[in-house]
Amino acid sequence: AQTVTQSQPEMSVQEAETVTLSCTYDTSESDYYLFWYKQPPSRQMILVIRQEAYKQQNATENRFSVNFQKAAKSFSLKISDSQLGDAAMYFCAYRSARGGSQGNLIFGKGTKLSVKP
Amino acid sequence: EAGVAQSPRYKIIEKRQSVAFWCNPISGHATLYWYQQILGQGPKLLIQFQNNGVVDDSQLPKDRFSAERLKGVDSTLKIQPAKLEDSAVYLCASSYSRGVKTQYFGPGTRLLVL
């Protein structure tokens, strides 16, 4: 079974600085997708960025980028120019490319990010 | 494009009472998911629908939880009778049934069982 591990329960960053959140996963599959979701105190899960495993190029979305290391099964999220609004829980998630019940999201336990003014 | 809608946003009930949550997915999304998120943890899938059929309900406590999606659009999740350990946020998500199937989440319903 696939697992997702986020080893940093909490992280802190100064406003305007850069922070990297770590995520590792375990799978025997070669075709899958990886996601980072943000969950602010309002509790709504918001998609931050996604990566298709077959793509070698790392995904970027404005100030958010990932470092996808397929061989190492690592998928870290870098937030540049951190803003107060970035403070939230961040969840890493894995989804198999298979259909049906095998294609469900598997979440890590999350990393709580604080942004200091 | 409207997002996933959920109601109510908050609910407080006593144990052994029943409760129902409603979800309206993004238009055109054939797949709908219900998750349970206990404080301090990541979401856990309860049930997945493809149109009005169940794809996966292996983690749904069927002795007390039920869900339906009768017309392949809106969905209702019910708990009867509720237990203290059901206190959690219940998240609904939807996705297209093909391609990357990125899931988009609603605001969630926070349930407190006393």
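Basis for what follows: all heavy atoms, side chains included, without hydrogens, waters or symmetry-related copies. Residue numbers begin at 1 in each chain, while the letters A, B, ... track the order of the sequences.
Q59(B) contributes atom CD, which lies 8.5 Å from atom CG of N104(A) (distance to the nearest 0.5 angstrom). In this structure, the separation between CG on L91(B) and CE on M45(A) is 6.5 Å, given to the nearest 0.5 Å. Separating the CZ atom in R95(A) from the OG atom in S95(B) is a distance of 7.0 Å, to the nearest 0.5 Å.
Residues F91(A) and Q41(B) form no side-chain contact, since every pair of their non-hydrogen atoms from C-beta on lies 4.5 Å or further apart.
At least one donor-acceptor pair closer than 3.5 Å links the side chain of Q44(A) to the backbone N or O of F105(B).
Nearest heavy-atom pair across Q103(B) and Y37(A) is O-OH, 2.6 Å. Taking each heavy atom of P41(A) and R110(B) in turn, the nearest pair found is O-NH2, 4.2 Å.
The environment of K11(B) atom NZ is sparse: at most 12 non-hydrogen atoms of other residues, nucleotides or ligands sit within 6.0 angstrom. By the 6.0 Å contact criterion, CG on N62(A) is open, its count of non-hydrogen atoms from other residues, nucleotides or ligands being 12 or less. Dense packing is recorded around CD of E85(B), with more than 12 heavy atoms of other residues, nucleotides or ligands lying under 6.0 Å away. Other residues, nucleotides and ligands contribute over 12 non-hydrogen atoms within 6.0 Å of the CG atom of L84(A). Other residues, nucleotides and ligands place no more than 12 heavy atoms under 6.0 Å from the NZ atom of K78(A). Residue-environment remark: NZ (K62(B)) exceeds the threshold of 12 foreign heavy atoms within 6.0 Å.
Across G40(B), G42(B), G108(B), the residue that shares the most heavy-atom pairs under 4.5 angstrom with chain A is G42(B). The greatest number of non-hydrogen atom pairs below 4.5 Å with chain B, out of Q39(A), Q6(A), K109(A), is found for Q39(A).
Of the atoms belonging to L105(A), heavy atoms from both backbone and side chain fall under 4.5 Å from chain B.
The hydrophobic cluster containing L111(B) also contains L84(B), counting ILVMFWY residues as joined when their side-chain heavy atoms lie under 4.5 angstrom apart, directly or transitively.
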